[in-house]
There are 2 protein chains.
Amino acid sequence: MTSDRIWPPLFERLKTTTGASDQDLQALAALPFTLRHYRENQTVLRDGEQPSECCLIADGFCMRAKTIADGRRQILSIHIPGDLPNLQNLHYAAMDHDLVALSDCTLAFIGHRALKDLIRERPGVGDMFWRDTLVDAAISREWIVNVGQRSTYNRLAHLIVELRERLRLIGRVIDNTFAIPLTQEQLGEAMGVTSVHTNRILRDLRIDGVLELQRGTVKIFDEHKLQELAQFDGRYLHLSPSA
Amino acid sequence: MTSDRIWPPLFERLKTTTGASDQDLQALAALPFTLRHYRENQTVLRDGEQPSECCLIADGFCMRAKTIADGRRQILSIHIPGDLPNLQNLHYAAMDHDLVALSDCTLAFIGHRALKDLIRERPGVGDMFWRDTLVDAAISREWIVNVGQRSTYNRLAHLIVELRERLRLIGRVIDNTFAIPLTQEQLGEAMGVTSVHTNRILRDLRIDGVLELQRGTVKIFDEHKLQELAQFDGRYLHLSPSA
DNA sequence: TGCTGTTGATAACAAAGGTTAAATTGGGCC
DNA sequence: GGCCCAATTTAACCTTTGTTATCAACAGCA
């Protein structure tokens, strides 16, 4: 993976969602970075750690997760190529959750110093990144709704549609089929239910002809039914610069 | 309520959490604003609306909330004096949830233009606000954990401890007693359970001698037991500038 | 090839939480 | 004081989800 390979997913997303200027993107592309590779399940940043760099997902999937005293774990977000899952460390030092690789993945690390200098020099870059963290927050709020109010059946449908819409932005959905490299246990940790119950729900979705999940890949069979279940209102993703 | 009355809670919080410079705070205090009063239960900003101002809670409590298609509602956050609950509109136009007054309250509205100009002129002010939105996001993530993984009994304890820590910052906790102006139905909407179940849990907490909630006021009786239930690790509030 | 560990599938039973309904409390107001 | 309305409290019953335990499928590997 070389320099010209790490930026496309982020730039694609920024161009669609913020109408980023070419100059700002060129300035970004000039940033120095270090590539690191992680294996499935490997922890990238640990709760409590104080990283001096922010990372860009160049390839693969990651998750934020938090483990509480009794050992239960909640997955907080799923991150895909083009995401910057620890921009928050630009403004506070310590991680308050783990960042873990969901699949083998490649991350580009960019030092805080270089990022902060660029942001001071080009406020437009800062605006893009600030916006990015705000949309990230909006997604977290939607997850509160998902876990708090939707039935598990609808909840899983919503989670899948959200991920699909985000993957679509970076061109990773083909034939209504896309990657979701989580085990049933991890899907459960994202939804606040056990793996046993996740299995029940997946079976129902399969039997009802809505979708199938096999070895980390979802295939949607009944788009209409899926929409009806997810009741997905994507405004919270703020995909257009004007919204 | 006059100019010298609206800023103290915010300044208190910023001084503790960011080590804000006096110049930055003075510049903030010079911002023009409009005061508006809201009654309990009145909607301040509606989902879909595109406000041209950000608001500072000068007095009273507000909440963010989202209503889904089947009519169920999830409370996403509770806001107290000194909070800026719609800073996100500086970077995207449309609200993706409602902002509602939980009690009678007074809000100071500051135009986006004035705020953006100040941020460009004084990047330190922008940093403080960006950080503020990042901590807001960290709180949302903790709410996902709360709703997804904790038992309702522990969940309510956690919610109460979090609110107390935030109120303590602005000097609103006296004798381990403080305001939490939510009905049992609203507490349920914050926890993702029904009002009937909220009532059961409150009864248990009362019987177990942990705390009592009456007419919007909590009194803690057994701090040790409360800690044990909430398993509260406040690092996600990032109360110190160095963390 | 067969071993091993992880993931997925399923069943029986238990616990948590939802639904509905009814009664009670308490504050605001005439 | 008495009325009204919202909020609280409780009970009975039902649904959803968790727990525990097996077993099957499957990938990695010696």
Side-chain angles (χ1 to χ4, degrees), chain A residues 39-42 68 70-75 100-104 146-157 159 179-208 211-219 229, chain B residues 39-42 61 63 68 70-75 100-104 146-157 159 179-208 211-219 229:
Chain A
R39 311 293 285 274
E40 181 181 329
N41 242 337
Q42 199 179 343
I68 61 177
D70 67 0
R72 299 169 65 93
R73 183 169 76 159
Q74 175 69 41
I75 293 178
V100 181
L102 277 167
S103 63
D104 289 353
N146 210 29
V147 177
Q149 301 298 336
R150 283 189 259 264
S151 74
T152 318
Y153 195 63
N154 295 355
R155 195 181 306 171
L156 184 48
L159 188 154
I180 172 168
L182 281 79
T183 64
Q184 293 184 1
E185 175 156 29
Q186 290 168 334
L187 276 175
E189 287 172 329
M191 296 193 292
V193 300
T194 60
S195 61
V196 174
H197 197 57
T198 305
N199 184 276
R200 287 196 269 250
I201 300 300
L202 278 170
R203 171 172 49 71
D204 293 347
L205 285 167
R206 195 182 331 117
I207 289 172
D208 297 346
L211 58 82
E212 210 163 61
L213 197 163
Q214 262 176 350
R215 265 162 278 119
T217 299
V218 203
K219 284 183 210 234
L229 293 174
Chain B
R39 313 292 285 273
E40 182 182 327
N41 242 338
Q42 199 179 341
F61 284 60
M63 63 175 168
I68 61 178
D70 68 359
R72 300 169 65 94
R73 182 169 78 159
Q74 174 69 41
I75 293 178
V100 182
L102 277 167
S103 63
D104 291 352
N146 211 29
V147 177
Q149 301 298 336
R150 281 189 260 266
S151 74
T152 318
Y153 195 62
N154 295 357
R155 195 181 305 171
L156 184 48
L159 188 154
I180 174 166
L182 281 80
T183 64
Q184 294 184 2
E185 176 155 28
Q186 290 168 334
L187 276 175
E189 288 172 330
M191 295 193 292
V193 299
T194 60
S195 61
V196 173
H197 196 59
T198 305
N199 184 276
R200 288 196 266 249
I201 300 301
L202 278 170
R203 172 171 49 72
D204 292 347
L205 285 168
R206 195 183 327 118
I207 288 173
D208 297 345
L211 57 83
E212 210 164 60
L213 196 164
Q214 262 177 349
R215 265 159 279 122
T217 299
V218 203
K219 285 183 210 232
L229 293 174

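The figures that follow rest on heavy atoms only: side chains count, while hydrogens, waters and symmetry mates do not. Letters A, B, ... mirror the listed sequences (proteins, then strands); counts begin at 1.
- Using a 4.5 Å heavy-atom cutoff, the side chains of B:I180 and B:L159 are in contact.
- Atoms CG (B:N154) and P (C:dA16) sit 12 Å apart, rounded to a whole Å.
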- [ ] Assess whether side chain to side chain contact (heavy atoms under 4.5 Å, CB included) is satisfied between B:L182 and B:I75, documenting all intermediate values.
- [x] CA-CA 11 Å; B:L182 281 80; B:I75 293 178; 4.3 Å; yes
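- In this structure, B:E212 places its CD atom where more than 12 heavy-atom neighbours from other residues, nucleotides or ligands lie under 6.0 Å away.
- The closest side-chain heavy-atom distance from A:R200 to A:Q184 is not below 4.5 Å.
- Residues A:Q74 and B:R150 have side chains not in contact (no heavy-atom distance under 4.5 Å, counting atoms from C-beta outward).
- In terms of position on DNA chain D, the residue among B:N41 and B:R203 whose nearest nucleotide sits closer to the 5' end is B:N41.
- Atom CG of B:L213 is separated from atom C1' of D:dA7 by 12 Å (rounded to the nearest Å).
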Between the protein and nucleotides 17-27 of chain D, which nitrogen or oxygen pairs come in under 3.5 angstrom?
residue	atom	partner	partner atom	Å
D:dT17	OP1	A:T152	OG1	2.7
D:dT17	OP2	A:T152	OG1	3.3
D:dT17	OP2	A:H197	NE2	2.9
D:dT17	O5'	A:H197	NE2	3.4
D:dG18	OP2	A:T194	N	3.1
D:dG18	OP2	A:T194	OG1	3.3
D:dG18	N7	A:R200	NH2	2.7

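- Contact between the side-chain N/O atoms of A:N199 and the OP1/OP2 oxygens of C:dA9 is found at a separation under 4.0 Å.
- Taken from CG in A:L202 to CG in A:L211, the straight-line distance is 7.5 Å, to the nearest 0.5 Å.
- With a 4.5 Å cut-off on side-chain heavy atoms, A:L213 and A:L205 do not count as touching.
- No donor-acceptor distance shorter than 3.5 angstrom exists from the side chain of A:D104 to the backbone of A:R39, with no hydrogens or angles considered.
- A straight line from CG of A:D204 to P of D:dT16 spans 11 Å, rounded to a whole angstrom.
- Closest of all the heavy-atom pairs between A:L102 and A:Q186 is CD2-OE1, 3.8 Å.
- Here the CG atom belonging to B:L156 is positioned 4.5 Å from the CE atom belonging to B:M191, to the nearest 0.5 angstrom.
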Output a table of nitrogen or oxygen pairs between the protein and nucleotides 28-30 of chain C separated by less than 3.5 Å.
none

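- The shortest distance between side-chain heavy atoms of B:V193 and B:I201 does not fall below 4.5 Å.
- If you take CG of A:L187 and C1' of C:dG8, they are 12 Å apart, rounded to a whole angstrom.
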Extract from the structure each pairing of a protein N or O with an N or O of nucleotides 28-30 of chain D at less than 3.5 Å, listing the distance.
none

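- Here the C1' atom of nucleotide D:dT8 and the CG atom of B:L205 are 16 Å apart, to the nearest Å.
- Rounded to whole angstrom, the span from the CD atom of B:Q184 across to the C1' atom of C:dT25 amounts to 12 Å.
- When rounded to the nearest whole Å, the span between CD of B:Q214 and P of C:dT24 equals 19 Å.
- The CZ atom of B:R39 sits 16 Å away from the C1' atom of D:dA6 (whole-angstrom rounding).
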